[in-house]
Amino acid sequence: MSTSLLGPAEIRALAERAGVRPTKTLGQNFVLDAGTVRKIVRQADVGPGERVVEVGPGLGSLTLGLLEADADVVAVEIDPVLARLLPGTVAEHVPGLTAAQADDVDGSPVVVLRDADGRDRLTVVLRDALEVRELPGKPPVALVANLPYNVSVPVLLTFLERFDSLERALVMVQAEVADRLAAPPGSRTYGVPSAKAAWYTHARRTATVGRSVFWPVPNVDSALVRLDRREPPSTTAAREEVFAVVDAAFAQRRKMLRPALASLAGSADAAQAALVAAGVDPQARGERLDIEAFARIAEHLASPAG
Ligand code: SAM
C-alpha cells in the first residue's frame with residue numbers, strides 16, 4: 001500500500017485549480033503539515049480495515065493519512081466543492097481504487113471508491129454533519145477529525161449520541177475547547193462541554209498544535225483530544241433530563257444550584273428537595289459536580305421523593 005500525503009505546495013495548487021477560497025464561516029483551515037496528520041492518525045490508534053468517520057475532510061490531508069493507515073473512511077463534508085473534489089484527490093494518491101455505484105443515503109449524495117478486494121476505502125457524504133442520522137456501509141468505530149471550529153462541540157456530542165458504534169474519537173479543536181472537553185470537575189475550565197462529554201467518554205488533551213500548520217493561519221492555537229467511550233452513568237433519568245440539569249446549572253455560572261435549578265424544578269423548594277435527595281449541597285455550584293451527580297439530581301427531579 002503506497003498512499004502519499006498532501007504537501008503544502010500541492011494543497012495550495014489543488015485549492016487554486018478548483019477555485020477553493022477557504023471560508024471562516026465553515027471553519028476552513030486546512031492542515032498543511034504531514035507530521036501533524038500522522039500524529040493525529042497515530043493518536044487515534046487507527047488500525048488496518050477499521051472504519052473511521054471523518055467530519056470535514058476539506059482538501060483531504062487527514063483523509064489520506066487515515067487511508068495510509070489502511071483505514072476505510074466515511075467522510076462527511078458540507079461544502080459541495082470540497083466534497084466533489086475529494087474522490088479525485090484520493091484516487092490520485094491511493095492506487096487501485098475505482099468509483100462504485102453512488103447512492104443517496106438519508107437524502108444526501110454519496111460517492112464510494114472501492115479497492116480490488118471490494119473494500120469501500122472512501123465514502124463521501126455531502127451533508128451538514130449535524131443533520132446526519134445514518135451513515136452508509138459498516139458502522140464506524142472511530143471519529144477522527146480536524147473539526148470546524150464553530151460547531152466542534154455540537155458535532156462531537158451529536159456523533160457520540162447518534163453512532164454508538166463509535167468506541168473512540170480523536171479530534172483537533174481550538175485549544176480552549178480542548179481544555180473544556182478534558183476539564184475535571186472543580187477546575188477553572190469545567191463546564192457544559194466537559195460534563196456532557198463525560199456522559200459518553202473519558203476525554204484527555206493529548207497535544208497542542210500551533211497555528212502555523214494551517215492554511216489559512218487561524219487566530220488561535222489548536223489541540224488534540226482523545227475521547228474513549230465509557231458506560232454512561234447508571235441512572236433511571238433520561239440522557240436529555242440529565243443534560244437539561246447540566247445546562248441549567250451552568251446557565252449562570254456563579255449561581256448556587258438551588259436558584260439555578262429552580263425554574264427547571266418548578267420552584268426553589270423543589271430544587272432544594274431534589275438536591276438534598278441526591279446528596280448534593282444546595283449551596284454548591286455546578287462547576288463542582290461530576291456527571292454522576294448531575295444524573296442523580298435529574299433522577300430526583302424526575303421522580304421527587306414522597
Ligand atoms: N480535514 C481537513 C484538514 O484537516 O485539512 C479540513 C478541516 S477544516 C478545519 C473543517 C472542514 O469541515 C472544512 O472542510 C469545512 O468545509 C467542513 N465543515 C464545516 N462545517 C461542517 C458541517 N457542519 N458538516 C460537515 N462539514 C463541515
Side-chain angles (χ1 to χ4, degrees), residues 5-8 10-15 18-41 43-44 46 52-68 71 73-87 89-90 93 105-110 122-133 135 140 142-159 162-163 169-175 177-178 207 209-225:
L5 298 190
L6 291 171
E10 200 181 348
I11 290 178
R12 285 174 204 272
L14 190 61
V20 173
R21 299 222 176 139
T23 73
K24 252 195 173 159
T25 37
L26 291 179
Q28 291 176 339
N29 300 96
F30 304 112
V31 177
L32 296 178
D33 172 45
T36 304
V37 167
R38 291 207 171 98
K39 185 187 251 185
I40 293 173
V41 173
Q43 293 199 356
V46 167
V52 172
V53 60
E54 181 188 5
V55 171
L59 291 164
S61 315
L62 179 55
T63 318
L64 287 172
L66 292 164
L67 291 164
E68 182 185 56
V73 181
V74 51
V76 181
E77 174 59 62
I78 197 172
D79 184 329
V81 173
L82 296 174
R84 284 191 202 112
L85 201 57
L86 188 62
T89 308
V90 166
H93 286 257
V105 167
D106 198 12
S108 319
V110 174
L122 174 73
T123 305
V124 183
V125 179
L126 171 57
R127 191 97 198 240
D128 179 343
L130 291 170
E131 287 173 6
V132 170
R133 289 178 186 280
L135 289 167
L143 165 70
V144 184
N146 170 14
L147 289 173
Y149 285 159
N150 37 356
V151 287
S152 56
V153 172
V155 165
L156 176 64
L157 296 177
T158 300
F159 271 59
R162 290 192 185 150
F163 303 107
L170 195 291
V171 291
M172 175 140 72
V173 292
Q174 209 175 317
V177 174
V209 178
R211 55 194 84 180
S212 63
V213 306
F214 298 96
W215 170 71
V217 177
N219 297 329
V220 290
D221 288 329
S222 295
L224 306 185
V225 183

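In this text, all values refer to a predicted model and were calculated from it rather than measured experimentally. When a ligand or atom number is given, it counts from 1 through the structure's own listing order.
Ring geometry for Tyr149 versus Phe214: interplanar angle over 60°, hence perpendicular rather than tilted (30 to 60°).
Between Lys24 and Asn219, the closest side-chain pair of non-hydrogen atoms falls below 4.5 Å. In this structure, Pro22 and Trp215 have side chains that are in contact, with non-hydrogen atoms separated by less than 4.5 Å. Between Pro154 and Leu130 there is a side-chain heavy-atom pair separated by less than 4.5 Å. Using a 4.5 Å heavy-atom cutoff, the side chains of Val171 and Phe159 are not in contact.
The two atoms that bring Asp221 and Gly210 nearest to each other are OD1-CA, 3.7 Å, heavy atoms only. Minimum heavy-atom separation, Leu126 to Ala83: CD1-CB, 3.9 Å.
Not a single heavy atom of Leu130 lies less than 4.0 angstrom from ligand 1. The shell of residues lying under 4.0 angstrom from ligand 1, judged by heavy atoms, includes Glu54.
At a heavy-atom distance under 4.0 Å, only backbone atoms of Pro57 (N, CA, C or O) approach ligand 1.
With hydrogens left out, the protein atom closest to atom 5 (O) of ligand 1 is Val31 N, 2.8 Å, a heavy atom. Summary of contacts: the protein heavy atom closest to atom 20 (N) of ligand 1 is Pro148 CG, 3.5 Å. When hydrogens are left out, the protein atom nearest atom 3 (C) of ligand 1 is Asn146 ND2, 3.5 Å; that is the closest non-hydrogen contact. Among protein heavy atoms, atom 26 (N) of ligand 1 sits closest to Ile78 N, 3.4 Å. Looking at atom 19 (C) of ligand 1, its nearest protein heavy atom turns out to be Leu26 O, 3.1 Å. Given atom 12 (O) of ligand 1, the protein heavy atom at minimum distance is Gly56 CA, 3.2 Å. Nearest protein heavy-atom contact of atom 16 (O) of ligand 1 is Glu77 OE2, 2.6 Å.
The N/O atoms of Leu82, backbone and side chain alike, include none that comes under 3.5 Å of an N/O atom in ligand 1.
Under a 3.5 Å cut-off, the side chain of Thr89 and the backbone N or O of Leu85 do form a donor-acceptor pair. For the pair Ser152 (side chain) and Val173 (backbone), a donor-acceptor distance under 3.5 Å is absent. A donor-acceptor pair under 3.5 Å is formed between the side chain of Asn150 and the backbone N or O of Thr25. Remark: side-chain polar atoms of Glu54 are not paired, donor with acceptor, to backbone N or O of Ala75 under 3.5 angstrom.
For ligand 1 and Asp128, the ligand atoms under 4.0 Å from any heavy atom of the residue are 22 (C), 23 (N), 24 (N). The atoms of ligand 1 that sit less than 4.0 Å from any heavy atom of Asn29 are 7 (C), 8 (S), 9 (C). Near Gly27, the atoms of ligand 1 lying under 4.0 angstrom from a non-hydrogen atom of the residue are 8 (S), 9 (C), 10 (C). Remark: ligand 1 atoms within the under-4.0 Å shell around heavy atoms of Arg127 are 24 (N), 25 (C). Close approach of ligand 1 to Ala129 is summarised as follows: ligand atoms under 4.0 Å from at least one heavy atom of the residue are 22 (C), 23 (N), 24 (N), 25 (C). Residue Gln28 approaches ligand 1 through these ligand atoms, each under 4.0 Å from one of its heavy atoms: 13 (C), 15 (C), 16 (O). Listed by number with element, the atoms of ligand 1 under 4.0 angstrom from any heavy atom of Ser61 are 5 (O). Near Phe30, the atoms of ligand 1 lying under 4.0 angstrom from a non-hydrogen atom of the residue are 5 (O), 6 (C).
Rounded to the nearest 0.5 Å, atoms CG (Leu5) and CZ (Arg38) are 4.0 Å apart.
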